[in-house]
Trainee: 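Dropping a structure here in structure tokens format, bear with me for questions.
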Amino acid sequence: MSPPEQEARLKIDVLLEVAGWLVQDAKAAHIHAARGVAIREFPLPGHGFADYLLYVDGKAAGVIEAKKVGTTLTGVEVQSTKYTQGLPAGLPRWHNPLPFCYESTGVETRFTNGLDPEPRSRNVFAFHRPENLAKWLDAALVADGVSPDLGGASLAAETLPQTFLARLQQMPELKTAGLWPAQITAIGNLEGSLKKNRPRALIQMATGSGKTFTSISFIYRLIKFAGARRVLFLVDRGNLGRQTLKEFQQYVSPYNNFKFTEEYIVQNLSSNRMDRTARVCICTIQRLYSMLKGRELAEEFDEESAAELGSLFKEPEPIEYNPDFPIEDFDIIVTDECHRSIYNLWRQVLEYFDAYLIGLTATPSKQTFGFFNKNLVMEYGHPQAVADGVNVNYDVYRIRTQIGEAGGKVEAGYYVDKRDRETRKVRWEKLDDDFAYDPKQLDRDVVAVDQIRTVVQKFRDQLFTEIFPGRTWVPKTLIFAKDDSHAEDIVKIVREEFGKGNDFAQKITYRTTGEKPENLIAAFRTSPMPRIAVTVDMIATGTDIKAVECVFFMRMVKSRAYFEQMKGRGVRIINDNDLQAVTPDAISKDHFVIVDAVGVCEQDQTDSLPLERKKNVGFEKLLQAVAFGNCEIDVISSVAARLARMEKKLTPQEQKQVMELTEGKSLKELTGDLVAALEPDRHIAAAQKASGQQEPEAKQIRQVAAQILGEAAKPLCNPQLRELLFAIKKKNEQIIDTVSTDTVLFAGFSEEKAKSVVESFEQFIADNKDEITALQVLYSKPFKQRLRFADVQELAEKLVAQVEQLRIYQTHPQGWEKRVPDELWAAYQKLEAGKVRGAAANHILTDLVSLVRFAMHQENELVPFPEKVQVNFRAWVEQQQASGRRFTAEQRKWLEMIRDHIAANLQIETDDFDYAPFAQEGGIGKVWQLFGDDLNVILDELNGVLAA
């Protein structure tokens, strides 16, 4: 036996022993010495020697074929399969062929379960424990009375053994009551994937479209009908685990009307002790990592995002086999927000267990697709969810201010406040020089109080007139701040500007004290107060607050997935009664509004991972590590990230001092050198050149990378430069600008909404020109018939039925008939302001005639219909006068009343004179007295001319 093979067997021995197997040599074999016995070098006549023969409860159950590290294992399967069929006659066995087959190098292990239909090998982290193999054997074979000798045939070919995969093939029909169509499709497709033995599956469903309910529905079926022993449900944060537990508790089985938790135990892990009787375990991925490492997890880490915690580690600290948590503990792992849990540290947690992996996300990245083998079993995005009524759509209301766009400047001689970031203690300081700042420094280095106040004031002033017209209650609003200090400033100003008390606006962050954040979230979700919650990222993902109608960005977000998650706080639907319980004057939630005060909706987001990977290590320690020659990629990456942030804050004097200590190199150039030195392609190219090989070894690449990184980091070995950088970093005060006053540059809905409204309206006209009488009349030139008020009413009713497609929402107290013309007029005003008049007018139903004519390009200008009637009336009077006809003052008064009636009703008939305002002036008798036999001619002329 070669040394590499011997080394592999030593590793395999260790793996077997920690998994509960007793490893013996063939000469000293005692198959009853333990429940699981692994016999080395077992002779098989005609086949040589099996590297390991596995006995379970005194009967042969499987084999292990050992190979040296680096051997590709699928090519070994033919050899190991022969061993499963070559056991000498007369020896006790579970079956012939033996059910279980492993191939292993001690580093990589593959496993084939011969009990499965169409057995297929798969990678496993370690070996299964003998007691668990015994359970599989008992469940699959003993109960079925399978013949012990199948003559080498596959067990699955001759029987229906009761493995999890086998039971999946016999799943009963899904009961669809209470499920949305997308949920039905997702469950069906997932079960189809599992039946095909696909190890990983990805479900993409829009935020608010019922991912968790979908998951509980298929988990219930997998436990009840496929016999899944235990399911792991992984969440991103502790508060999401508690929310998920409540959803399990509320789930009622469509098969027997029992609640989930009445049939099965569901455990939400808040410590490292797992209830082995639980059929579902809910856990944060960071807690599971700690459990596998045998460590306790600090409670606050359970409440932080897994993605953020993962970035604290230098290198993913390898997980080793933990006998307290065998790899077969779970049949299914469902990982929620999986786009955040597949990187670095956490990936190995997911791959530890021998389980099917099911990912849930609303915002998959390319890496997410790759991790789940591109097995996307459900794709259900926000547009589809809106079309199905599962999500609500949104509009963007943009607020731009002078300081927000261009920064500010405080001239020398003024006093500014300086606030310590940690203690928030404030001191005054008189400026000796002008102090200028750019928008990126706002609320981090500089707090421009009036900038926050101006944004909040504009939001307050437009809230009940433009954003949510007619409302009196502030809609449930979630504001995203840059950090805890920024959130604190926002809360104070919101309370002041709205003139409300503490309960009106609350900060909900990890630094909130006195009340648990989860209790504040619950109050925000179900109680009238608070109306406004300010957070940094605690409520950014997953948290279900259906009553939110306004998502307010006062911070920039660069990650596309994170931005979509934050937007997703507003998309959830809610029934009218539940909404009105927390917002009494709301009619229904048919949309939500994103208030964008920073331009986040105008910026392209990316799927990039953050540059900095050492957030938990102090800047001084990082530089000391570099000074002692530490050139690890993560260390240099974090130093580069922090220097890049520092460079933006340097004064000209500090830049000059840096360049004096770096032989003329600026801090920006130094940072650029470090970033360039981190490029993997550069490492590979240098290693190819140094080794003369096209594919250099990993060790050679690491050595070259260390040289490149060391060269780039050389300037940081200068102790004077390090001291200067430390000193700059310690300047830890925010300047509070109370001098500058801000002004609003723009406030209004985005052009995107206006374009959508106009395009939908014009498409509606084109689609219905042969169906709706008013459109038929307006399309016919010359008019074949006169347009009647009833025709316009019909048009309005059809438009009201299309309000969701038009993105027009019922927030106006006078209802749709008022809202539709207002919204259409505002949309044309935004897109073609030079051609639109009367945008602020009090629009009436007949204004739809002007809108349709403008949309059909029959008119070059959009003017209110009454204004058009007025112009036509003046032209008619002038024509009458030119032909020698004169009207008395009283006749003129009646003609103007007739004009106004046509403006509001499109036409006039003699019966109309019996009603106001004509009746008060003498009615039909008076008008006959004034115009005599000419009345009918005049009415016919005015009906034709004024509405033309």
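Please read these numbers as outputs of a predicted model, since none were measured by experiment.
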Trainee: Any idea how Phe918 and Phe913 line up, ring-wise: parallel (<30°), tilted (30 to 60°), or perpendicular (>60°)?
Mentor: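 Because their plane-to-plane angle is over 60°, the rings of Phe918 and Phe913 count as perpendicular.
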
Trainee: Let me confirm one number: the CG-CD1 distance from Leu895 to Ile938, rounded to the nearest 0.5 Å.
Mentor: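 Those atoms lie 6.0 Å apart.
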
Trainee: Roughly how far, to the nearest 0.5 Å, is CZ of Phe865 from CG of Asn872?
Mentor: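 Answer rounded to 0.5 Å: 8.0 Å.
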
Trainee: Do Gln870 and Arg899 pair up side chain to side chain, a donor and an acceptor below 3.5 Å, judged on atom types alone?
Mentor: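 Side-chain D/A pair, Gln870 to Arg899: present.
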
Trainee: From Arg460 CZ over to Ile493 CD1, what is the distance, rounded to the nearest 0.5 angstrom?
Mentor: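 If we round to the nearest 0.5 Å, Arg460:CZ and Ile493:CD1 are 12.0 Å apart.
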
Trainee: Is a side-chain N or O of Gln384 found less than 3.5 angstrom from the main chain of Gly381, in a donor-acceptor match?
Mentor: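 Yes, Gln384 side chain to Gly381 backbone: donor-acceptor pair under 3.5 Å.
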
Trainee: Does any part of the side chain of Leu851, heavy atoms only, come nearer than 4.5 Å to the side chain of Leu862, both counted from C-beta?
Mentor: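 A side-chain contact exists here, since the closest heavy-atom pair is under 4.5 Å.
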
Trainee: Atom OG in Ser740, atom CD in Gln402: separation rounded to 0.5 Å?
Mentor: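 Rounded to the nearest 0.5 Å, the OG-CD separation comes out at 10.5 Å.
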
Trainee: For the residue pair Trp894 / Glu921, report whether a side-chain donor-acceptor contact shorter than 3.5 Å exists.
Mentor: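 No, Trp894 and Glu921 have no side-chain donor paired with an acceptor closer than 3.5 Å.
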
Trainee: For Phe761 and Tyr828, take the angle between the two ring planes, folded into 0 to 90°, and tell me which bin it lands in: parallel under 30, tilted 30 to 60, perpendicular over 60.
Mentor: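 Perpendicular, since the angle between the ring planes exceeds 60°.
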
Trainee: Provide the closest heavy-atom pair for Asp576 versus Ile587 in the form atom of the first, atom of the second, distance.
Mentor: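 Minimum heavy-atom contact is CG-O, 3.6 Å.
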
Trainee: Step through it carefully: locate the ring centre of Tyr397, locate the ring centre of Phe459, and say whether they are under 6.0 Å apart.
Mentor: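 Between Phe459 and Tyr397, which both carry aromatic rings, the centre distance is not below 6.0 Å.
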
Trainee: Under 6.0 Å between the ring centres of Phe480 and Phe552?
Mentor: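 So the answer is no for these two rings.
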
Trainee: Can you check whether Arg471's main-chain N or O pairs, donor with acceptor, with Asp585's side chain at less than 3.5 Å?
Mentor: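 It does not hold such a pair.
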
Trainee: Hey, is the main chain of Ala206 close enough, under 3.5 Å, to the side chain of Ser209 for a donor-acceptor pair?
Mentor: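 A pair under 3.5 Å: yes.
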
Trainee: Distance from Phe524 atom CZ to Lys476 atom NZ, nearest 0.5 Å?
Mentor: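 One finds 5.5 Å between CZ of Phe524 and NZ of Lys476.
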
Trainee: Any side-chain donor-acceptor pair under 3.5 Å between Asn943 and Asp940?
Mentor: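 Per modelled atom types, Asn943 and Asp940 side chains form no pair under 3.5 Å.
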
Trainee: Between Gln451 (side chain) and Ala448 (backbone), is there a donor-acceptor pair under 3.5 Å?
Mentor: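 No, Gln451 side chain to Ala448 backbone: no donor-acceptor pair under 3.5 Å.
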
Trainee: Would you check if there is a donor-acceptor pair between the side chains of Asp742 and Thr401 at a distance under 3.5 Å?
Mentor: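 Per modelled atom types, Thr401 and Asp742 side chains form a pair under 3.5 Å.
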
Trainee: Is the closest side-chain heavy-atom distance between Val595 and Val551 below 4.5 Å?
Mentor: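 Counting from C-beta outward, Val595 and Val551 never come under 4.5 Å.
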
Trainee: Determine whether a donor-acceptor pair (N or O, by modelled atom type, separation under 3.5 Å) exists between the side chain of Gln891 and the backbone of Thr888.
Mentor: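 Yes.
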
Trainee: Donor-acceptor check, side chain of Arg531 to backbone of Val474, threshold 3.5 angstrom: yes or no?
Mentor: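 Yes, the answer is positive, given that a donor and an acceptor are paired below the 3.5 Å cut-off.
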
Trainee: Between Asn393 and His591, do the side chains contain an N or O donor and an N or O acceptor separated by less than 3.5 Å?
Mentor: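 Judged by distance alone, the side chains do not pair up.
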
Trainee: Is the backbone of Val390 close enough, under 3.5 Å, to the side chain of Asp388 for a donor and an acceptor to pair up by distance?
Mentor: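 No: the side chain of Asp388 does not pair with the backbone of Val390.
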
Trainee: Which distance, rounded to the nearest 0.5 Å, do you find between the CD1 of Ile594 and the CZ of Arg398?
Mentor: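 One finds 12.5 Å between CD1 of Ile594 and CZ of Arg398.
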
Trainee: Do Lys589 side-chain atoms and Lys546 backbone N/O form a donor-acceptor pair below 3.5 Å?
Mentor: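 Yes; at least one donor-acceptor contact below 3.5 Å.
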
Trainee: Distance-only, no hydrogens or angles: does the Gln183 side chain make a donor-acceptor pair with backbone N or O of Gly210 under 3.5 Å?
Mentor: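 Yes, because the side chain of Gln183 sits within donor-acceptor range (under 3.5 Å) of the backbone of Gly210.
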
Trainee: Under the side-chain hydrogen bond (donor to acceptor under 3.5 Å, both in side chains) criterion, do Asp461 and Gln457 qualify, and how do the steps go?
Mentor: CA-CA 6 Å; Asp461 294 344; Gln457 285 174 342; over 6 Å; no

Trainee: Would you say that Met554 contacts Val455 through its side chain, given a criterion of any heavy-atom pair below 4.5 Å between the two side chains?
Mentor: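 In short, these two side chains touch, coming nearer than 4.5 Å.
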
Trainee: Can you confirm whether Gln907 sits close enough to Leu946 that some side-chain heavy atom of one is under 4.5 Å from a side-chain heavy atom of the other?
Mentor: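 Result no, sub-4.5 Å side-chain heavy-atom pair not found.
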
Trainee: Can you name the side-chain hydrogen bond (donor to acceptor under 3.5 Å, both in side chains) partners of Glu861, sequence neighbours left out?
Mentor: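 Glu861: side-chain hydrogen bond (donor to acceptor under 3.5 Å, both in side chains) contacts with Arg837.
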
Trainee: Going by the rule ring-ring contact (aromatic ring centres under 6.0 Å, His included), which residues pair with Phe873 if we only count those two or more places apart in sequence or in a different chain?
Mentor: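 For Phe873, no residue satisfies ring-ring contact (aromatic ring centres under 6.0 Å, His included) once neighbours in sequence are set aside.
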
Trainee: Which atom names give the shortest non-hydrogen contact between Val494 and Ala505, and what distance separates them?
Mentor: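 In this case the closest contact between Val494 and Ala505 is CG1-CB, 3.8 Å.
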
Trainee: I'd like to know if the side chain of Asp450 and the backbone of Arg453 have a donor-acceptor N/O pair within less than 3.5 Å.
Mentor: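 No, because the side chain of Asp450 does not come within donor-acceptor range (under 3.5 Å) of the backbone of Arg453.
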
